[in-house]
Amino acid sequence: METIVVKFGGTSLADANQIRKAAGIIRENPARRYVVCSAPGKRSREDVKVTDLLYRCQTLAEAGEDFQPALDEVRARFEEIVRDLELSFQLDVEFAIIREHLETRHERDYMASRGEYLNSKIIAAYLCFPFVDPAETVCFEDNGELDTERTNHRLFAALAPLDNAVIAGFYGARCDGVIHTFSRGGSDITGSLVARATGANLYENWTDVSGMLAADPRIVDNPRRIEYISYQELRELSYMGSSVFHEDAMFPCQRAGIPINIRNTNCPEDPGTMIVASLPRILPPRQITGVAGHKGFTSIQVEKALMNSEIGFGARLLKIFADHGVSFEHCPSGIDTMSVIVHGSALAGCKDKIMQEIREQLRPDALIAEEHLALIAVVGHGMSYNKGVAAAIFAAVSDAGINIRMIDQGSSEINIIIAVEEKDCENAIRSIYSRLAED
Ligand code: ASP
């Protein structure tokens, strides 16, 4: 039997009306067997997500302040959903347990997870599907890392005997039973884990946009939708902050070769974006798939005559960053120069120490820290073995009157990364997009 795992995000399940739409999508295709749910999200721009309300309850409880009004807001959200769906779901017991937790324990992740837990139980009741609690199936190590293999076995054991199920997203538990959550937006990861464990043919991720866009619509007017994108391209773009899908969520599906389809609950007829292992050959050759930028980088530039012949220079330079727990993003080099590009925030509190150690241990001729850089990634399989793409990118940036501070091309040739000053980021993206990505 064909199996599709569907995950619905917070806006897709924000109220009874949205839940009815999601249920219609599920019922339309019997292959949509396993459903992963987020907590109710925002119903309007000014609204507050249930997860944020729950974090607020926890913060107030920890500070010894009155959390009841915030908890009442959470309860009101669920009461409205239960009433509008005409369910006889009992909320009293659930909220007594939540309240007791707030009074007696300080478990932030437990509290945050209750949005997914309750919404999924309610939706399971509405669909007449069994509810599967990730507290028993999604396993974390004591250090907070996901135990992927144990999770895979547990999810398989729980789901294989079931024709259908609703699984709460976002959380799991450690061996000692303590609830642990993924980072924000982590229900996408749960969906991908469920798809892998059930050997699904497809993972559909239903959200409030009709797929991924080739550029950030706050920067570029009306960017085109990406029809197909490879896992590798998605990784490059989401690393640079293009965010419709949690950046860790593709790995379980990628590992199992399961395609992912980003769809819009409010426009189910739109085909959305397909994330696949390799792009279909029938696609018209498009030079780039997308362009994304991220601000807040710092480049530490080291210059030393005859650096190229000093064995271990690069290793010693990078070790200084590693010793301070700072991971580097890029490391472009010349014969006698080397730059280490890091997130500015990672240097907070240790920048001076790192600069001092570089001076003492490597005795450079020059050492400069250049802050406020933006990195722009231009991504696309169409770029590899294709002449002239780099030239077009550089021409686009130069036409916009912008100076490029660094260039880096990954060995796979599917991305070119350039650094520009933060103030030039948006203009550079617009110019690159209009030259290389517009239809
Ligand atoms: N509800 C959680 C959040 O708001 C997780 C999720 O929706 O995926 O981040």
Side-chain angles (χ1 to χ4, degrees), residues 3-14 18-19 21-27 29-41 49-51 112-140 146 148 151-152 154-160 162-173 179-208 244-246 248-253 256 258-265 268 272 275:
T3 298
I4 300 175
V5 170
V6 288
K7 179 258 165 181
F8 288 89
T11 44
S12 300
L13 305 172
Q18 289 297 93
I19 293 174
K21 281 189 203 167
I25 290 167
I26 295 161
R27 290 187 184 124
N29 183 349
R32 295 186 173 126
R33 296 173 54 203
Y34 303 117
V35 182
V36 175
C37 300
S38 281
K49 290 177 171 195
V50 162
T51 309
S113 73
R114 295 304 86 185
E116 270 68 16
Y117 169 80
L118 283 176
N119 215 23
S120 302
K121 274 187 119 174
I122 293 168
I123 292 165
Y126 184 63
L127 291 167
C128 300
F129 285 2
F131 166 70
V132 170
D133 193 344
E136 281 137 38
T137 46
V138 174
C139 312
F140 286 95
L146 179 73
T148 35
T151 298
N152 199 40
R154 292 261 185 109
L155 280 172
F156 174 77
L159 296 172
L162 302 175
D163 287 339
N164 301 95
V166 173
I167 306 104
F170 189 40
Y171 71 95
I179 297 289
H180 189 81
T181 60
F182 292 109
S183 56
R184 296 300 302 263
S187 302
D188 288 346
I189 307 174
T190 314
S192 189
L193 291 167
V194 171
R196 179 184 167 213
T198 56
N201 306 82
L202 179 66
Y203 170 30
E204 288 178 347
N205 190 289
W206 291 83
T207 175
D208 56 359
V244 170
F245 191 55
H246 192 293
D248 296 335
M250 71 167 200
F251 296 111
C253 277
I258 300 167
I260 304 164
N261 191 193
I262 311 282
R263 301 282 293 267
N264 189 347
T265 307
I275 305 165

Does Arg27 count as lying over the ring of Tyr126, i.e. NZ or CZ under 6.0 Å from the six-ring centre, within 45 degrees of the axis? yes

Tell me, please, whether Tyr171 has Arg114 positioned over its six-membered ring: NZ or CZ under 6.0 Å from the ring centre and within 45 degrees of its axis? yes

Taking all non-hydrogen atoms of both residues into account, name the closest pair between [X] and [Y] and its distance.
X	Y	answer
Ala200	Val5	CB-CG2, 3.9 Å
Thr181	Ala112	CG2-CB, 4.5 Å
Ser113	Ile179	OG-CG2, 3.7 Å
Cys253	Ala195	SG-CB, 3.9 Å
Ala158	Thr137	CB-CG2, 3.7 Å
Pro134	Ala168	CG-O, 3.1 Å

Result for side chain to side chain contact (heavy atoms under 4.5 Å, CB included) between Asn205 and one of His246, Arg263, Lys7, Met250 points to Lys7

Of Asp208, Ile25, Thr207, which meets side chain to side chain contact (heavy atoms under 4.5 Å, CB included) against Thr265? Ile25

Does the side-chain contact (heavy atoms from CB on, under 4.5 Å) test come out yes or no for Asp248 and Phe182, once each step is laid out? CA-CA 10 Å; Asp248 296 335; Phe182 292 109; over 6 Å; no

Can you tell me if [X] uses its side chain to pair, donor with acceptor, with the backbone of [Y] under 3.5 Å?
X	Y	value
Ser120	Val166	no
Ser192	Asp188	no
Glu116	Ser38	no

Go through Thr51 and Arg184 one step at a time and tell me if the side-chain contact (heavy atoms from CB on, under 4.5 Å) criterion holds. CA-CA 9 Å; Thr51 309; Arg184 296 300 302 263; 3.7 Å; yes

Can you tell me how far [atom2] of [Y] sits from [atom1] of [X], rounded to the nearest 0.5 angstrom?
X	Y	atom1	atom2	result
Glu204	Ile262	CD	CD1	10.5 Å
Leu155	Ile167	CG	CD1	7.5 Å
Leu127	Ile122	CG	CD1	12.0 Å
Asn119	Cys37	CG	SG	6.5 Å
Leu162	Arg33	CG	CZ	9.0 Å
Phe140	Thr151	CZ	OG1	7.0 Å

Tell me whether the centres of the aromatic rings in Tyr34 and Tyr203 are closer together than 6.0 Å. no

Yes or no on side-chain contact (heavy atoms from CB on, under 4.5 Å) for Ile26 and Phe129, after CA distance, side-chain angles and deciding distance? CA-CA 11 Å; Ile26 295 161; Phe129 285 2; 4.0 Å; yes

Starting from the C-alpha separation in whole Å, work towards a yes-or-no answer on side-chain contact (heavy atoms from CB on, under 4.5 Å) for Ile4 and Arg32. CA-CA 5 Å; Ile4 300 175; Arg32 295 186 173 126; 4.1 Å; yes

Would you say Phe131 has more than 12 foreign heavy atoms packed within less than 6.0 Å of its CZ? yes

